[in-house]
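What you are looking at is a predicted structure, and each value in this text was computed from that prediction instead of being measured. Residue numbers start from 1 in every chain, and the chains themselves are labelled A, B, ... in the order their sequence lines are given, proteins ahead of strands.
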There are 2 protein chains.
Amino acid sequence: MATLDQTDKHLLNLLQENARFTTKQLALKLSLSPTAIYERIKKLERQNYINRYVALVNPRKIQKDFVAFVMIQLKEHTQASIAAFESEIALIPEIVACFHVSGTYDYLIKVNLDEMSSFRNFMVEKLTKIPHISNTQSAFSIKEVFNHTALKL
Amino acid sequence: MATLDQTDKHLLNLLQENARFTTKQLALKLSLSPTAIYERIKKLERQNYINRYVALVNPRKIQKDFVAFVMIQLKEHTQASIAAFESEIALIPEIVACFHVSGTYDYLIKVNLDEMSSFRNFMVEKLTKIPHISNTQSAFSIKEVFNHTALKL
DNA sequence: ACAGATATAGAATAATATTCTAAATTTACA
DNA sequence: TGTAAATTTAGAATATTATTCTATATCTGT
């Protein structure tokens with residue numbers, strides 16, 4: 001089924017940059033009719049190339065531009081321990097991403113807060129309240145050089 | 001200027017989950033008129049609470065669901081070295097995120113590839129071809145537990 | 001080269017975004 | 001606390017876009 005041609009790839013690139021392009025605008029860029037663009041996008045959605053459309057909010061404007069990365073080691077690596085940890089972590093809204101990773105540490109999480117002082121509170125009151133955690137190591141973002149949502153095709 | 005009320009926050013939450021909600025749908029959810037919703041969204045855009053709207057593409061479907069995190073140490077930390085490194089890194093499309101961080105390592109980058117074998121190629125042919133790098137440490141994503149674009153208000 | 005399937009263009013329609021106006025609500029401050 | 005100005009809202013009117021439909025063109029596999 002369905003291998004993407006250059007037009008599809010171009011479309012995905014454009015929609016990843018700006019999901020508000022109209023079919024008319026896209027039609028102009030890709031030298032096709034709005035209908036052709038429309039049908040292609042619908043197909044990309046049906047086939048799950050496009051998962052969803054979202055608004056990106058400015059973290060600075062809502063006082064969530066202090067970013068920390070925390071590497072986490074679990075005490076044990078049983079199925080139960082992993083499942084418990086992952087479901088607890090999902091309940092903490094400050095944690096915006098969580099990856100189970102290879103290496104010395106088991107998890108890498110990304111945390112968005114307003115400032116450093118909140119990080120202390122986050123660690124003491126939330127993260128380390130989770131059982132299963134053995135130890136952690138944190139790194140703070142000094143500067144976000146870039147952080148794309150788009151995957152170039 | 002402009003402090004967000006509960007309606008604004010609710011709106012931002014909804015649009016971060018699904019940017020395709022129509023003003024009519026949002027009006028129903030928030031018990032307002034479509035015009036009121038429309039004006040509020042336009043204001044949030046004008047005031048840069050909303051940066052942009054994007055389509056999220058399924059990494060698995062486009063063979064970019066192998067994820068690695070690489071911590072990078074620079075040889076020197078001069079302004080010139082930092083600037084050079086950051087501009088070089090920005091040219092490598094596999095690197096989807098780059099943060100200047102505190103700690104032993106200077107940078108944390110996220111890389112999206114198709115599979116492990118490509119990672120070797122990425123390291124040998126691309127990343128370590130960049131001068132200024134002293135050493136690196138990599139961790140591979142075993143599982144993406146979650147990775148939100150939304151910041152809860 | 002041909003039949004079936006798929007993609008496209010253009011017209012028609014439906015739905016939504018956008019603008020406009022007046023009323024309601026909130027805000028600032030006398 | 002009262003009042004004028006500013007902001008927000010609702011509803012109607014309009015403009016734009018999404019969506020459907022039909023016929024034609026293009027592509028695919030044999």
Side-chain angles (χ1 to χ4, degrees), chain A residues 1-64 114 149-153, chain B residues 1-64 114 149-153:
Chain A
M1 177 197 73
T3 166
L4 299 178
D5 65 13
Q6 281 311 115
T7 301
D8 290 321
K9 292 179 182 177
H10 199 174
L11 254 180
L12 287 174
N13 283 339
L14 289 167
L15 290 172
Q16 284 185 104
E17 289 308 320
N18 180 4
R20 285 294 164 89
F21 283 131
T22 64
T23 53
K24 187 194 284 189
Q25 290 174 312
L26 294 167
L28 268 170
K29 287 177 193 284
L30 303 191
S31 304
L32 276 175
S33 69
T35 303
I37 297 294
Y38 176 82
E39 293 298 341
R40 278 172 178 266
I41 292 174
K42 286 300 147 188
K43 189 173 183 180
L44 290 169
E45 291 169 357
R46 272 199 311 276
Q47 294 176 160
N48 292 114
Y49 283 94
I50 297 173
N51 281 332
R52 55 208 194 101
Y53 299 91
V54 301
L56 298 183
V57 166
N58 188 342
R60 190 167 41 79
K61 293 291 289 186
I62 60 172
Q63 283 78 53
K64 290 181 190 292
D114 62 339
T149 52
L151 298 169
K152 264 288 153 41
L153 291 157
Chain B
M1 175 197 73
T3 166
L4 300 178
D5 65 13
Q6 282 310 116
T7 301
D8 290 321
K9 291 179 182 177
H10 199 172
L11 253 179
L12 287 174
N13 284 338
L14 289 167
L15 290 172
Q16 284 184 103
E17 289 309 320
N18 180 4
R20 286 294 165 90
F21 283 131
T22 63
T23 52
K24 188 193 287 188
Q25 290 175 309
L26 295 167
L28 268 170
K29 288 178 194 284
L30 303 190
S31 304
L32 277 175
S33 69
T35 302
I37 297 293
Y38 176 82
E39 292 299 341
R40 278 171 179 267
I41 293 174
K42 285 302 146 186
K43 190 174 183 181
L44 290 169
E45 292 170 356
R46 272 198 312 275
Q47 294 176 161
N48 291 114
Y49 283 93
I50 296 173
N51 282 332
R52 55 209 194 100
Y53 300 92
V54 302
L56 298 183
V57 166
N58 188 340
R60 190 166 40 79
K61 293 291 290 187
I62 60 171
Q63 284 79 54
K64 290 181 190 291
D114 61 339
T149 52
L151 298 170
K152 264 286 154 42
L153 292 157

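- A side-chain N or O of B:Glu45 and one of B:Tyr53 form a donor-acceptor pair less than 3.5 Å apart.
- A salt bridge does not link B:Lys64 to B:Asp114: none of the charged nitrogens lies less than 4.0 Å from a carboxylate oxygen.
- Spacing between atom NZ of B:Lys42 and atom C1' of C:dC20 amounts to 17 Å, rounded to whole angstrom units.
- When rounded to the nearest whole Å, the span between CD of A:Glu45 and P of D:dA18 equals 11 Å.
- Atom OG1 of A:Thr7 is separated from atom CG of A:Leu26 by 11.5 Å, given to the nearest 0.5 angstrom.
- In this model, the phosphate group of C:dT8 is not approached by any side-chain N or O of A:Ser33 to a distance below 4.0 Å at OP1 or OP2.
- Taking 4.0 angstrom as the limit, B:Tyr38 places a side-chain polar atom (N or O) nearer than this to OP1 or OP2 of C:dT19.
- Spacing between atom CG of A:Asp5 and atom P of D:dC27 amounts to 11 Å, rounded to whole angstrom units.
- Atoms CD1 (B:Ile37) and C1' (D:dT9) sit 11 Å apart, rounded to a whole Å.
- We find that CG of B:Leu11 is positioned 13 Å from P of D:dT8, with the value rounded to whole Å.
- Residue A:Arg40 has a polar side-chain atom (N or O) positioned under 4.0 Å from OP1 or OP2 of C:dT8.
- Between A:Lys43 atom NZ and C:dA5 atom P the separation is 15 Å, expressed in whole Å.
- The side chain of A:Glu39 sits closest to C:dT8 out of D:dA18, C:dT8, D:dT9.
- Summarising the geometry, the separation between NZ on A:Lys24 and P on C:dG10 is reported as 14 Å, rounded to the nearest angstrom.
- The distance from atom CD of B:Gln47 to atom P of D:dT7 is 11 Å, rounded to the nearest whole Å.
- Between atom CD1 of residue A:Ile41 and atom CG of residue A:Leu14 there is a gap of 9.5 Å, rounded to the nearest 0.5 Å.
- In the interface, the side chain of B:Thr35 is paired with the base of D:dG11 through a donor and an acceptor atom under 3.5 Å apart.
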